[in-house]
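Quick note on labels: first sequence line is chain A, next is B, and so on, each numbered from 1. This one's a predicted model, so the numbers in the text were calculated from it and none came from an experiment.
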Amino acid sequence: MKKIKSCEETIHQYIPEEINLDSPKQLGEFLFEELKLPYKGRKTATGQYKTDSKALHKVYDEHVIVPLLIERRGAVKLKSTYVDGLQKEIQSDGRIHTTYLQNFVNTGRLSSRQPNLQNIPIRTEEGRQFRKLFVPQEGWTLIAADYSQIELRVMAHLAQVKNLIQAFKDDRDIHTETAIKMFNVEAVSSEQRRQAKIINFSMIYGASPYGLADNLKVDVETAKIFMKVYFDLYPEIQDYMKAKEEEGQKYGFVETLFGRKCFIPLENERDAKFSARVSVNAPVQGTAADMMRLAMIRVDDFFRKENLKTKMLLQIHDEIILETPPEEKDFVVQSLRKIMESVYALNIPLKVDIGVGKNWDEAH
DNA sequence: ATCATCACG
DNA sequence: ACGTACGTGATGATA
């Protein structure tokens with residue numbers, strides 16, 4: 001990674017070599033005390049200046065090195081975690097084998113470690129290149145099958161949200177649909193869709209007007225208005241949130257659609273509001289996790305019954321990655337969609353997007 | 001061992 | 001008065 005070196009050359013014209021750029025403490029003190037960049041916002045829990053990406057973007061134009069520090073951070077992350085980190089994990093069979101913990105996450109999701117293969121980069125073009133390194137065995141094809149908007153569908157089902165259910169039945173773009181109705185327009189701008197998307201996700205997490213304001217980068221009053229309009233559009237979500245908050249508080253757990261209990265942290269950690277958010281989110285995340293587990297079992301049963309060589313390789317919460325030999329490809333793709341979409345009948349259709357390719361990036 | 005940061009759904 | 005989204009794991013620095 002030449003990028004790291006070239007960033008550092010310029011950075012060190014302004015920051016002495018003795019400062020460790022990997023030390024947030026040293027970097028923060030130099031930026032905000034020596035260079036006297038204006039510091040806005042809160043410090044960390046231990047009283048240090050924050051130097052994370054968000055904090056650096058606040059002073060982006062204050063000094064030529066700031067953009068370079070951000071760029072260097074990104075490159076260092078990719079190198080340490082994904083270039084060097086994953087290289088160490090290659091086994092003698094030429095593959096990387098993760099460990100899935102099946103009974104660790106409260107909501108019922110799997111967790112992946114040593115190494116974590118559920119956080120391979122995708123959001124930046126540069127990071128995404130790593131996905132090209134994940135390939136099937138010689139001559140085979142990689143398949144990626146992911147549930148489209150599964151958590152929002154589950155929420156619409158659990159809360160029986162009339163307008164959401166209809167939109168999913170009509171196979172509409174759900175964020176655009178939300179924006180059309182919230183902003184009362186016929187054509188939605190990309191900014192309006194982006195905002196609607198953030199609001200939809202925020203609801204799954206049980207966000208407060210404050211959290212929403214922070215995310216949308218609007219003031220709290222505006223966020224409150226957004227929430228009111230949202231709840232007018234999807235009133236059942238508000239009722240659902242209230243019901244789950246009370247349930248979690250009363251029993252100490254909430255349940256997924258299949259009756260699996262998710263325990264709510266009541267005493268200790270953080271505050272009552274945190275418990276309330278978990279009570280709202282856990283049935284949604286947990287039901288989606290249950291459905292994915294069930295789907296994986298059905299897929300495995302199917303492969304055995306049909307004597308197929310196709311193998312499941314990875315699960316990333318709402319997605320599975322498989323490798324398939326050429327003679328099985330079409331049959332598997334067609335069958336996968338059927339199995340996954342019919343795994344459990346909600347009041348809403350399930351939608352599965354499937355891609356194929358010679359590597360993980362292409363299959364997406 | 002904990003913190004700060006950042007990668008993912 | 002305060003702080004503010006859910007669920008994770010890996011890394012390097014620091015204590």
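- The phosphate of C:dA5 has neither OP1 nor OP2 within less than 4.0 Å of any side-chain N or O from A:N215.
- B:dT5 atom P lies 22 Å from atom NZ of A:K79, rounded to whole Å.
- Where A:I198 and A:S23 meet DNA chain C, the nucleotide closest to each residue was compared, and A:I198 sits on the side nearer the 5' end.
- The CG atom of A:D301 sits 11.0 Å away from atom CZ of A:F303, with the distance rounded to the nearest 0.5 Å.
- Between B:dG9 and A:Q315, no contact under 4.0 Å exists linking OP1 or OP2 to a side-chain N or O.
- No side-chain heavy atom of A:H97 sits under 4.5 Å from any side-chain heavy atom of A:Q114.
- One C1' atom belongs to C:dA1, the other to B:dC6, and the distance between them is 31 Å to the nearest Å.
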(request) Report the C-alpha separation of A:R95 and A:E323 in whole Å, then their side-chain angles, then the decisive distance to 0.1 Å, and conclude whether the salt bridge (charged side-chain N to carboxylate O under 4.0 Å, His left out) test is met. (result) CA-CA 13 Å; A:R95 294 183 178 228; A:E323 61 173 355; 3.1 Å; yes

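- For A:T51 and B:dT5, the shortest distance from a side-chain N or O to OP1 or OP2 is below 4.0 Å.
- No hydrogens or angles were tested; on distance alone, nothing pairs the side chain of A:R277 with the base of C:dG7 as donor and acceptor under 3.5 Å.
- Of the residues in residues 95-118 of chain A, those with a non-hydrogen atom less than 4.0 angstrom from any atom of DNA chain B are A:R109, A:Q118.
- A distance-only check finds no donor-acceptor pair linking the side chain of A:S112 to the backbone of A:Y100 [under 3.5 Å].
- C:dG9 atom P lies 13 Å from atom OH of A:Y82, rounded to whole Å.
- Residue A:I122 is classed as a sugar-phosphate contact, given heavy-atom separations below 4.0 Å to backbone atoms only.
- In this structure, CG of A:L69 is placed 11 Å from P of B:dC6, rounded to the nearest angstrom.
- Nearest heavy atoms, A:P209 versus A:V220: CB-CG1, 4.5 Å.
- At the phosphate of B:dA7, neither OP1 nor OP2 sits under 4.0 Å from any side-chain N or O atom of A:R123.
- Taking side-chain N and O atoms only, A:K25 has no distance below 4.0 Å to OP1 or OP2 of B:dC3.
- Looking at heavy-atom distances under 4.0 Å, A:V278 makes contact with sugar-phosphate atoms alone, never a base.
- Atoms NZ and OG1, on A:K309 and A:T324 in that order, are 9.0 Å from each other to the nearest 0.5 Å.
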Under 3.5 Å between N/O atoms: give me all the protein pairs with nucleotides 1-3 of chain C, atom names plus distance.
| residue | atom | partner | partner atom | Å |
| --- | --- | --- | --- | --- |
| C:dG3 | N2 | A:K273 | NZ | 3.3 |

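- Counting non-hydrogen atoms under 4.0 angstrom, A:N20 reaches the backbone sugars and phosphates but no base.
- A tilted orientation is assigned to the rings of A:H175 and A:F201, their planes being inclined by 30° to 60°.
- Of all nucleotides present, only B:dC8 satisfies the Watson-Crick or G-U wobble test against C:dG7, with each distance under 3.5 Å.
- For the pair A:K244 and A:E247, the salt-bridge criterion is met [side-chain N within less than 4.0 Å of a carboxylate O].
- No hydrogens or angles were tested; on distance alone, nothing pairs the side chain of A:D52 with the base of B:dA4 as donor and acceptor under 3.5 Å.
- Near-neighbour residues of DNA chain C inside residues 357-364 of chain A, defined by a heavy atom below 4.0 Å, are absent.
- Atom CE in A:M241 sits about 10 Å away from atom C1' in C:dA5, given to the nearest Å.
- Heavy-atom minimum distance, A:L257 versus A:Y344: CD2-CE2, 3.7 Å.
- Contact annotation for A:I204: no contact, since no heavy-atom pair falls under 4.0 Å across all strands.
- Nucleotides B:dG9 and C:dT4, compared at atom P, are 25 Å apart to the nearest Å.
- At a threshold of 4.0 angstrom between heavy atoms, the contacts of A:G85 are confined to the sugar-phosphate backbone, with no base atom among them.
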